[in-house]
Amino acid sequence: MKLNLLILLMVLVQAVGALFFIGDITMSVLGIPRQPIEWQTRELLEIGAAVALLFGLVLSGALLIQSQRRLGRAEAQLQRASAAFMDLLEQNFTTWSLTPAERDVAFFVLKGFSTQEIAGFRKTSEGTVKAQTNAIYRKAGVNGRGQLMSLFIDDLIADSPPCSERDKTPD
């Protein structure tokens, strides 16, 4: 909420400053008559508009830096989750005593590929892939793809560390 308000303020401040300068130039170019104002007042208006644009620039920079930091944290979390998933895969594949071919097939199954696609990747028949998936399901103690995926999701959720307070704070 706070971040959205800050962005809105930044856009409004920059818009006011830009509109002042654009309006002034447009009126001059089109020859639109305007009420004369004292030069001191005009200078104050121009300074105010320029300060508004600079303020918007500073806010934009701050928001960009903040966004880059959040992106960095999100990428680090994704890396940790990916590593945890790969560790879990290896652990379960070892526990289930999967052959190298079954490991490949199991990995493709978990990625959501069809039997036909897996057969194409592995340059083997669909029957071979079906036999391997059945062996994987039997060794894992599941009845199909959904249950196999569920094993990993359940383990990842159970092993995930609680969110830090910084991750919980709203923007």
Given side chains that start at C-beta, do those of [X] and [Y] come closer than 4.5 Å, heavy atoms only?
X	Y	value
F21	D24	no
K139	N134	no
L151	V142	yes
I37	L45	yes
S60	Q14	yes

Work out which heavy atom in [X] is nearest to a heavy atom in [Y]; give both atom names and the distance.
X	Y	result
A135	E102	CB-OE2, 3.3 Å
F107	F93	N-CZ, 4.1 Å
A106	L98	CB-CD1, 4.1 Å
L148	A140	CD1-CB, 4.0 Å

Out of curiosity, [X] [atom1] to [Y] [atom2], how far, rounded to the nearest 0.5 Å?
X	Y	atom1	atom2	answer
N92	R103	CG	CZ	10.0 Å
M27	I25	CE	CD1	12.5 Å
Q147	D154	CD	CG	10.5 Å
L44	W39	CG	CH2	9.0 Å
D104	T99	CG	OG1	8.5 Å
L71	E75	CG	CD	4.0 Å

Single-linkage hydrophobic cluster [X]~[Y], side-chain heavy atoms < 4.5 angstrom:
X	Y	result
W96	I153	yes
V11	L53	no
V29	I32	no
L12	L59	no
M86	L110	yes

Test log, rule salt bridge (Lys or Arg N to Asp or Glu O under 4.0 Å), inputs R42 and E38: CA-CA 6 Å; R42 180 165 183 74; E38 294 198 23; over 6 Å; no

Counting heavy atoms not belonging to F20, are there more than 12 under 6.0 Å from its CZ? yes

Would you say that more than 12 heavy atoms from the other residues, nucleotides or ligands in this model lie under 6.0 Å from the CD of E43, or not? yes

Apply side chain to side chain contact (heavy atoms under 4.5 Å, CB included) to the pair N143 and Y137, showing each step before the final yes or no. CA-CA 6 Å; N143 293 323; Y137 299 154; over 6 Å; no

Flag, side chain of S82 to backbone of L78, donor-acceptor distance under 3.5 Å: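 No, because the side chain of S82 does not come within donor-acceptor range (under 3.5 Å) of the backbone of L78.
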
If only atom types and distance count, is the side chain of E117 paired as donor or acceptor with the main-chain N or O of S114 below 3.5 Å? yes

Parallel, tilted or perpendicular for F108 and F113, by the 30°/60° rule? perpendicular

Q132 and T128: side-chain donor and acceptor closer than 3.5 Å?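 No, no side-chain donor-acceptor contact under 3.5 Å.
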
Decide whether R145 and S150 meet the rule of one side-chain donor and one side-chain acceptor closer than 3.5 Å. no

Side chain to side chain contact (heavy atoms under 4.5 Å, CB included) evaluation trace for T115 with T133: CA-CA 9 Å; T115 301; T133 54; 5.5 Å; no

